[in-house]
2 protein chains.
Amino acid sequence: MVRTRVIPLAEQLLDTLGEQGYRSTSPRKAVTQAIAGKQGHFTAEQLRQQLPGVGRATIYRSLKLLVDSGALCRVLLEDGNLHYQLSHQGHHHHLLCVECGSSQDLLGCDIEDLLHQVSAAHRFQLSGHWLEVYGRCYDCLPKTATG
Amino acid sequence: MVRTRVIPLAEQLLDTLGEQGYRSTSPRKAVTQAIAGKQGHFTAEQLRQQLPGVGRATIYRSLKLLVDSGALCRVLLEDGNLHYQLSHQGHHHHLLCVECGSSQDLLGCDIEDLLHQVSAAHRFQLSGHWLEVYGRCYDCLPKTATG
DNA sequence: ACCATAATGATACCTAGTCTCGTTAATATC
DNA sequence: GATATTAACGAGACTAGGTATCATTATGGT
Ligand SMILES: [Mn+2]
Ligand SMILES: [Mn+2]
Ligand SMILES: [Zn+2]
Ligand SMILES: [Zn+2]
């Protein structure tokens, strides 16, 4: 009997679903394990190729559940492609490197406050927003001042 | 001979393309006229239905040219659908009403400054961003304090 | 008027995602 | 542990939105 290593985070994801009444099925175990092992953001298609035994509809259904539960966040790349990424906190945004594709969480940003202010000025009742920030991460900056 | 009314803005859009070396063709005239007559945002599909004589590829090609030239901006609705809208100024953002679908340009917003600050704090070289703001416009707010 | 070629539209194709529906398997109850 | 209920599954058809191909047409320069 092979002892498969269960990543704690995967169990946690599954538990989150369980608390919402969703059953703990083996496709969901496979999906949550695969996601828990991911470093950066990924597409549904990548996940699908990694889990050929799981049906396509199930992949998409699981992603939706995890996004709705807050465990995953959607990331819109500059090229328009939608990726997914583990969400370690609540609502937040990403600094996406157009060079290496890495993403950093945007921390200590009072964009919400700013949006509330300007919304009020426009007599607009703010209910949500979508923000993505593109550029180059530190590792991808040209290291010297001249080319 | 029918005298079709040419909307000045349509000519202006066509001129913009002309300055970039693109020919003034009749499909492009049809597209720019249709767009010039639009009030709010619209989808490629709506434009296509309005112009059954223009090929689908041409609709998309024209939209791309106009976005690239800065005459149109893309607007991402909360449901994920991509719309287009005349761009009266340079880079800017929209307050999108989830009730009536209207959009206001977000003015006097120093989000760029804020993003530069926080990017610098993350040692991130900012090159672009995408922001959409969702909520209710003044007309769609409940008019009284109680339900 | 003529020419080079940009632009077009019909069509096939593609990617990402949803829907349907008959089958399977997870949980609750006994 | 057996049974019943029904959530969840997967195969596959389908859809929306958009792109690639390519033979034909129309534009703008001379
Ligand atoms: Mn994140
Ligand atoms: Mn605008
Ligand atoms: Zn990078
Ligand atoms: Zn409204």
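In the text below, chain A, chain B and the rest are named by the order of the sequence lines, each starting its count at 1.
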Let me know the distance between [atom1] of [X] and [atom2] of [N], rounded to the nearest Å.
X       : N      : atom1 : atom2 : answer
B:Asp79 : D:dA16 : CG    : P     : 14 Å
A:Lys64 : C:dG17 : NZ    : C1'   : 8 Å
A:Gln20 : D:dA8  : CD    : C1'   : 16 Å
A:Leu17 : C:dT27 : CG    : P     : 12 Å
B:Leu77 : D:dA16 : CG    : P     : 17 Å
B:Arg48 : C:dA10 : CZ    : P     : 11 Å
B:Asn81 : D:dG18 : CG    : P     : 9 Å
A:Arg28 : C:dA25 : CZ    : P     : 15 Å

> Between B:Thr25 and C:dT8, is there a side-chain N or O to OP1/OP2 distance below 4.0 Å?
Replying inline: yes
>> Quick check for you: among D:dG10, C:dA16, C:dG17, whose closest atom lies nearest to any side-chain atom of A:Glu45?
In response: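 My answer, after comparing the listed nucleotides, is C:dA16.
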> C:dT5, D:dG18, D:dA8: which one has an atom nearest the side-chain heavy atoms of B:Arg23?
Replying inline: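 Out of C:dT5, D:dG18, D:dA8, the nucleotide with an atom closest to B:Arg23's side chain is C:dT5.
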>> I need the minimum non-hydrogen distance between B:Tyr60 and B:Ala44, along with the two atoms involved.
In response: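 Scanning both residues completely, I find the closest heavy atoms to be CE2-CB, 3.5 Å.
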> Can you check side chain to side chain contact (heavy atoms under 4.5 Å, CB included) on B:Arg28 and B:Leu65, steps first, answer last?
Replying inline: CA-CA 10 Å; B:Arg28 280 181 189 153; B:Leu65 289 182; 3.8 Å; yes
> Do B:Ser119 and B:Gln125 get their side chains close enough for a donor-acceptor pair, meaning under 3.5 Å?
Replying inline: no
> For residues A:His94 and A:His83, is any side-chain donor paired with an opposing acceptor at under 3.5 Å?
Replying inline: no
>> Applying a 4.0 Å non-hydrogen cut-off, can you work out what A:Ser24 is touching in the nucleic acid: base, sugar-phosphate, or nothing?
In response: sugar-phosphate
> When the nearest nucleotide of DNA chain D is assigned to B:Lys29 and to A:Pro27 on a heavy-atom basis, which residue is associated with the more 5' position?
Replying inline: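 The 5'-side residue here is A:Pro27.
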>> Heavy atoms within less than 4.0 Å of DNA chain C: which residues of residues 53-63 of chain A have one? Give them sorted by number.
In response: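 Heavy-atom contacts with DNA chain C come from A:Arg56, A:Ala57, A:Tyr60.
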> B:Val54 versus B:Arg48: any side-chain heavy-atom pair under 4.5 Å?
Replying inline: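 Result no, sub-4.5 Å side-chain heavy-atom pair not found.
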> B:Leu131 and A:Trp130: side chain to side chain contact (heavy atoms under 4.5 Å, CB included), yes or no, with the steps?
Replying inline: CA-CA 5 Å; B:Leu131 173 67; A:Trp130 179 287; over 6 Å; no
> Can you tell me how far CG of B:Leu95 sits from CZ of A:Phe124, rounded to the nearest 0.5 angstrom?
Replying inline: 5.0 Å
